[in-house]
K.L.:
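There's a structure below that I have some questions on.
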2 protein chains.
Amino acid sequence: MSSVTIKDIAKLAGVSHTTVSRALNDSPLINPETKDRIKSIAGSLNYTPNYSARSLVLDRSYNLGLFFSTLHTGTSSGFLYEAIKGVNDVIKDQFNLIVRGIDDYKSYHNVNRKSFDGLIVMSQSASDQSFIEYAADKEIPIVVLNRPIDKVKVMNLVPDDQRGAYRVAEHLIEKGHRRIAIIEGKQGFKSTQARRDGYREALEKHGVPLRNEWIVPGNYDLESGYAGMNRLLDLKERPTAVFCSNDDMALGAIKAVTERGLRVPDDLSVVGFDDHLFSAFMSPALTTVRRPIEEISRAGAEKLLSFIEKKQVEKSTVYFHTELVIRDSVKTIAGGN
Amino acid sequence: MSSVTIKDIAKLAGVSHTTVSRALNDSPLINPETKDRIKSIAGSLNYTPNYSARSLVLDRSYNLGLFFSTLHTGTSSGFLYEAIKGVNDVIKDQFNLIVRGIDDYKSYHNVNRKSFDGLIVMSQSASDQSFIEYAADKEIPIVVLNRPIDKVKVMNLVPDDQRGAYRVAEHLIEKGHRRIAIIEGKQGFKSTQARRDGYREALEKHGVPLRNEWIVPGNYDLESGYAGMNRLLDLKERPTAVFCSNDDMALGAIKAVTERGLRVPDDLSVVGFDDHLFSAFMSPALTTVRRPIEEISRAGAEKLLSFIEKKQVEKSTVYFHTELVIRDSVKTIAGGN
DNA sequence: AAGAGCATTGTTAACGTGTGCAGCACTATG
DNA sequence: CATAGTGCTGCACACGTTAACAATGCTCTT
């Protein structure tokens, strides 16, 4: 069952392989009748083009890379899922979607124009700056999603994390809270900083005191949310509300609260960030910030395809709206402080 | 910055391109000194091999396909995440990992030996039987994970869902429950049937009555768990325990319970299946069955690599142990019934 | 000293496509 | 009738790599 080539078809049709190639590619040069004849022969032989050969001569790989900063700690499953779904919906059959974590590369050696027609980087950390620069330098069509980057100019689609964090912190203040803690995201991630900044901005704007002991580190996973909340609960002066830098940590944090016999939101209010699938179904349903990852991924894929087609890239930064989602994990308190 | 080829290197080194090819591939035929010289020239020119050309002549694509039944409803993000992580950990730099949903294919046309060195199918539904048969027929090295398949013989690694379901149902019975409902998984999914069978088996074995109205449909997503539980709560005779066919639905189900002012497990016991990342962190922590998807994925990838290397496939079915994970969502009750 | 054998390198073809250019037959134009 | 034009097809080469085979120079053996 060795595979059939255009030369086999040519022989059967009594034409040259050139004619077959043209016919299958719908060249207007070919007589409609021979074209049909060739196509039907190809169909009956179950011909499939050899993509390696085509790639070689056309200088296209038919590969699109979807790169994450890491596929280990820091990338939540929901994030991965939404990104793949969004991109996949757009590219369909046209390209192979190759998924990889940047931190798995020892060297970027085989990231080049020959191997990838384009790249989508779901960037979470400054640590992949070098990768982005490398790819941009090689002039591979590229879009960078999720993390705003500086220095190198590329198409950059990002959620407005800072604004979202600002809104959710402000929401806590409006509900009467004045003792508001934060469990931060993974160090080095840009999103960690943006959410921290939004949080600070809201507190400062409303003259709410900011205490160092209410700022605890985390790394975006469940366990770190659990640990972070325990640290806060051990303080003499507890906060009345805690802003967790993502929903996973919020879930861990709530676990820590209930383990001590306390209740959310009655004894302590908790908010998250991301609006994961499960967040609406937790008890209590989590107040959080929706970050449109799937939408950004879709938009990024569309941009990339147009770059590849037009053989020309645009470079700009586009912010996507983040949205406060109010549910049941925040208590309204009377006095504040 | 047009890319450098072995011929360019050959010119600079004053040798033929064949020698360069051999040197870079560490052929023992080449004089160690010239080899070093060529390698250093290649390094300084920043040479990267053209994989399309290499693929063409070697008849290898360097592509591995990771195929899911669907990337839409029915595939939970945790499942996707664990599968990608497991496979990716094994293949590292050797191959491109191409992720796709089978239901996105209009035709399997460009699934062939030329385009894929091997396939990993995370099969969830009988609907991809035709895909598996197609691939097996084309003699592409293949492993099928997660779903036990019949008819076509391939390497098949699956969790023992039925045994797991049996154990968790038995656990409920041991805790004194005799009114046990089930919210089923997506119709047509093999796992749905296996879990149902395990559940029935346990009930029959222990002489626990099985009532039709306590068997409600679902489709593995949060919403369907929520809806299913509401159906059960509307019954005149409510169950005392509910086996949800996965953790996502358990989460939705618990939501429905708490919404009515009832509590888990005090008023109603709930168990799930999968042991998702978040299950230990729910309140109450969910009693469930651990299904080692990442482990299976890793094992599958290793098998596949060995098939490709040895150019020979084994065919058998291997069951992976599923494990009852006891947490806090089941109440011990005195009498039963 | 001649031939065998080895180490190293080069020549040439092949993988399956796509494409510039030439060529053919036929029609239209004057 | 000669010429230009048009519609269609084939020839020959290119893409970058690997590999079978040939060729070269050298060493060793007898």
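Residue numbers start from 1 in every chain, and the chains themselves are labelled A, B, ... in the order their sequence lines are given, proteins ahead of strands.
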K.L.:
Toward the 5' end of DNA chain C, which comes first, B:Thr18 or B:Leu29, by nearest nucleotide?
P.N.:
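First, find each residue's nearest nucleotide; the 5'-ward one identifies B:Leu29.
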
K.L.:
Checking all strands, does A:Tyr47 fall into the base, sugar-phosphate, or nothing category for heavy-atom contacts under 4.0 angstrom?
P.N.:
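Counting heavy atoms under 4.0 Å across all strands, the contact made by A:Tyr47 is with sugar-phosphate only.
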
K.L.:
Provide, to the nearest angstrom, the distance between the OH atom belonging to A:Tyr62 and the P atom belonging to C:dT17.
P.N.:
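Result: 12 Å.
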
K.L.:
Quick one: label A:Leu58 by what it contacts on the DNA or RNA (base, sugar-phosphate, nothing), any heavy atom closer than 4.0 Å.
P.N.:
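Sugar-phosphate only.
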
K.L.:
Within this structure, what is the OH-to-C1' distance between A:Tyr51 and C:dC15, rounded to whole angstrom?
P.N.:
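So the two atoms are 18 Å apart, to the nearest Å.
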
K.L.:
Determine whether A:Leu119 and A:Phe131 make a side-chain contact, defined as any pair of heavy atoms from C-beta on separated by less than 4.5 Å.
P.N.:
yes

K.L.:
Do you see a donor-acceptor pair shorter than 3.5 Å between the side chains of A:Asp104 and B:Asn88?
P.N.:
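Judged by distance alone, the side chains do pair up.
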
K.L.:
Between C:dT9, C:dT17, D:dG16, which nucleotide gets closest to the side-chain atoms of A:Asn50?
P.N.:
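Of all the options, the side chain of A:Asn50 is nearest to C:dT17.
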
K.L.:
Side chain of A:Arg22, heavy atoms from C-beta onward: which of D:dA14, D:dT18, C:dC21 has the nearest atom to it?
P.N.:
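Nearest listed nucleotide: C:dC21.
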
K.L.:
Between A:Arg54 and C:dG18, does any side-chain N or O lie under 4.0 Å from OP1 or OP2?
P.N.:
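True: A:Arg54 side-chain N/O within range (under 4.0 Å) of C:dG18 OP1/OP2.
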
K.L.:
Run the ring pair (Phe, Tyr, Trp, His ring centres under 6.0 Å) test on B:Tyr81 and A:Tyr81 for me, step by step, so that the C-alpha distance in whole Å, both residues' side-chain angles and the decisive distance to 0.1 Å come before the verdict.
P.N.:
CA-CA 7 Å; B:Tyr81 178 74; A:Tyr81 178 75; over 10 Å; no

K.L.:
Output yes when at least one side-chain N/O atom of A:Thr19 is less than 4.0 Å from OP1 or OP2 of D:dT9, else no.
P.N.:
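So the side-chain polar atoms of A:Thr19 never come under 4.0 Å of the phosphate oxygens OP1 or OP2 of D:dT9.
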
K.L.:
What's the shortest heavy-atom distance between A:Arg147 and A:Gln124, and which atoms?
P.N.:
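For A:Arg147 and A:Gln124, the tightest heavy-atom pair comes out as CD-C, 3.8 Å.
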
K.L.:
Closest approach to the side chain of B:Leu56, judged atom by atom: which nucleotide of C:dG16, C:dT19, D:dT9 is it?
P.N.:
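Nearest nucleotide to the side chain: C:dG16.
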
K.L.:
State whether the distance check finds a donor on one side and an acceptor on the other, under 3.5 Å, for side chain A:Arg60 versus base C:dG18.
P.N.:
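Looking at the base of C:dG18, it does not pair with any donor or acceptor on the side chain of A:Arg60 (distance under 3.5 Å).
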
K.L.:
What is the nucleic acid contact for A:Asn25, judged by heavy atoms within less than 4.0 Å: base, sugar-phosphate only, or nothing?
P.N.:
sugar-phosphate

K.L.:
What's A:Thr34 touching, base or sugar-phosphate or nothing? Going by heavy atoms closer than 4.0 Å.
P.N.:
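Touches sugar-phosphate only.
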
K.L.:
Would you indicate what B:Thr5 reaches in the nucleic acid, counting non-hydrogen atoms under 4.0 angstrom: base, sugar-phosphate, or nothing?
P.N.:
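Touches sugar-phosphate only.
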
K.L.:
Taking the six-membered ring of A:Tyr105 as reference, does the cationic atom of A:Arg100 (NZ for Lys, CZ for Arg) lie under 6.0 Å from its centre and within 45° of its axis?
P.N.:
yes

K.L.:
Could you tell me how far apart B:Ile38 (CD1) and D:dT18 (P) are, to the nearest whole angstrom?
P.N.:
13 Å

K.L.:
What residues, two or more places apart in sequence or in another chain, satisfy salt bridge (charged side-chain N to carboxylate O under 4.0 Å, His left out) together with A:Lys106?
P.N.:
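Per chain and number, A:Lys106 pairs via salt bridge (charged side-chain N to carboxylate O under 4.0 Å, His left out) with B:Asp93.
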
K.L.:
Please report, rounded to the nearest Å, how far the C1' atom of C:dG18 is from the NZ atom of A:Lys7.
P.N.:
12 Å

K.L.:
Which angle, to the nearest 10 degrees, lies between the helix axes at the two ends of the helix from C:dA1-D:dT30 to C:dG30-D:dC1, each defined by five pairs?
P.N.:
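Computed angle between terminal axes is 60°.
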
K.L.:
Measure the distance from CG on B:Asp59 to C1' on D:dG16 and round it to the nearest whole Å.
P.N.:
16 Å

K.L.:
Check for me whether the distance between the ring centres of B:Phe67 and B:Phe116 falls short of 6.0 Å.
P.N.:
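Yes, the ring of B:Phe67 comes within the 6.0 Å limit of the ring of B:Phe116, centre to centre.
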
K.L.:
Can you find an N or O donor on one side and an acceptor on the other, under 3.5 Å apart, linking the side chain of B:His17 with the base of C:dT9?
P.N.:
no

K.L.:
Quick one: list whatever passes side-chain contact (heavy atoms from CB on, under 4.5 Å) with A:Lys35, sequence neighbours left out.
P.N.:
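Residues passing side-chain contact (heavy atoms from CB on, under 4.5 Å) with A:Lys35: A:Ala23, A:Asp26, A:Ile30, A:Lys39.
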
K.L.:
Could you state the atom-to-atom distance from CD1 of A:Ile30 to P of D:dG10 in whole Å?
P.N.:
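In whole Å, D:dG10 P and A:Ile30 CD1 are 8 Å from each other.
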
K.L.:
Can you tell me how far C1' of D:dT17 sits from CG of B:Leu24, to the nearest Å?
P.N.:
11 Å

